Amino acid sequence: METQLSNGPTCNNTANGSTAINNCSSPVDLGNAEDSKTNLIVNYLPQNMTQEELKSLFGSIGEIESCKLVRDKITGQSLGYGFVNYVDPKDAEKAINTLNGLRLQTKTIKVSYARPSSASIRDANLYVSGLPKTMTQKELEQLFSQYGRIITSRILVDQVTGVSRGVGFIRFDKRIEAEEAIKGLNGQKPPGATEPITVKFANNPSQKTNQAILSQLYHSPNRRYPGPLAQQAQRFRLDNLLNMAYGVKRFPPMTIDGMTSLAGINIPGHAGTGWCIFVYNLAPDADESILWQMFGPFGAVTNVKVIRDFNTNKCKGFGFVTMTNYDEAAMAIASLNGYRLGDRVLQVSFKTNKTHKA
DNA sequence: TGGGATT
């Protein structure tokens, strides 16, 4: 077993082999008085963000009527967006003004009014390939805007060079608009282009998630899970992120649910606080951040604690991590037990009732 | 040949 957190806390990476040019158009105003002015959709959430963290963040603005993080029905993985419905429309507006564009980890979240849920707005996302490498996002939108209202657009670029990969996405307001755009533009040459473009419906996001999960579960040799570990090693939880956000955004202090109240982790196997994991053979200078970084990629982590000597303040060699979901905790244990951190091989298991005296 | 916006 040689799973490695190769670059440690500062490991620099992005999710895949490509990144996108600016994908955030500004939140749209509601043209329809019947539309809700309290219900928001929040996009581009970090993969690991939990519903509770979403609620904590948006609850700092005002009273929330309901809040939902959208998850894959099968795997439970976050699909990276959610809904926040406020009691007061003024708070919804304030949340857009305050939180839209907030950077969380590698993401820049987008906060906008949710459109009324309707079958007509589903599956309205197009995959476009064969674009001229010189085509900008604005030009792409101009090309497609004749077919309807564009909700989002994006052009994928090479991660290293920043050059367009000739591939993009267009999300229309309505599926019927997307259908018309396919009819009108698939196989056509854009103005000035030498090659025709391909326009088709994009894949469904949850399918990809399922593939990724299955790949992690069944196709990784030797119980290694390089996806989450290598790609998401630098992920921090909401409290870290909010500290960063304070410097930029200035919203009122808040309590992070389930984090400040979970200091007493010594209660063995205590029900209701999640699954407690014992981590052994940490270095004397280990701190909480390394635990967040190692375990965060596997799912919802509510608490970490490094046990330190009272006098020296050095780590006694072990610590604890609490995770909300059993399967995520089990995955973390399977992946991280035997993991080499520096010159130490960690032992990771569910916490038992043993006492560990050092 | 590819990000992730409708509960």
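On a predicted model such as this, the values are computed, not experimentally measured, just so you know.
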Check ion pair K90(A)-E93(A) (N to O, under 4.0 angstrom): no

Salt bridge K183(A)-E179(A), side-chain N to carboxylate O under 4.0 Å: no

To the nearest Å, give me how far apart [atom1] ([X]) and [atom2] ([N]) are.
| X | N | atom1 | atom2 | result |
| --- | --- | --- | --- | --- |
| K200(A) | dT1(B) | NZ | P | 10 Å |
| D72(A) | dG4(B) | CG | C1' | 12 Å |
| L45(A) | dG4(B) | CG | C1' | 11 Å |
| I197(A) | dT1(B) | CD1 | P | 15 Å |
| I41(A) | dT6(B) | CD1 | C1' | 5 Å |
| I96(A) | dA5(B) | CD1 | C1' | 14 Å |
| K174(A) | dT6(B) | NZ | P | 13 Å |
| R149(A) | dT6(B) | CZ | P | 13 Å |

Minimum-distance nucleotide (side-chain atoms of [X] versus [options]):
| X | options | value |
| --- | --- | --- |
| N43(A) | dT6(B), dA5(B), dG2(B) | dA5(B) |
| V70(A) | dA5(B), dG2(B), dT7(B) | dT7(B) |
| F83(A) | dA5(B), dT6(B), dG2(B) | dT6(B) |
| Y44(A) | dT1(B), dT7(B), dG4(B) | dG4(B) |
| I151(A) | dG2(B), dT7(B), dA5(B) | dA5(B) |

Please confirm whether the shortest side-chain N or O distance from [X] to OP1 or OP2 of [N] is below 4.0 Å.
| X | N | value |
| --- | --- | --- |
| Y81(A) | dT7(B) | no |
| R71(A) | dT7(B) | no |
| K107(A) | dG4(B) | yes |
| R171(A) | dG4(B) | no |
| R115(A) | dT7(B) | no |
| S129(A) | dT1(B) | no |

Contact class for A202(A) vs. all strands (heavy atom < 4.0 Å): base, sugar-phosphate, or nothing? base

Under 4.0 Å, heavy atoms only, any strand: does F169(A) hit a base, just the sugar-phosphate, or nothing? base

Within-4.5 Å side-chain heavy-atom neighbours: I151(A) and R115(A): yes

For the CZ atom of F295(A) and the CD1 atom of I290(A), what is their distance to the nearest 0.5 Å? 10.0 Å

Quick one: pull up OG in S145(A) and CD1 in I150(A) and give me the separation to the nearest 0.5 Å. 5.0 Å

Would you sort out whether Y44(A) and Y81(A) count as a ring-ring contact (aromatic ring centres under 6.0 Å, His included), showing the intermediate values? CA-CA 6 Å; Y44(A) 313 112; Y81(A) 67 94; 9.7 Å; no

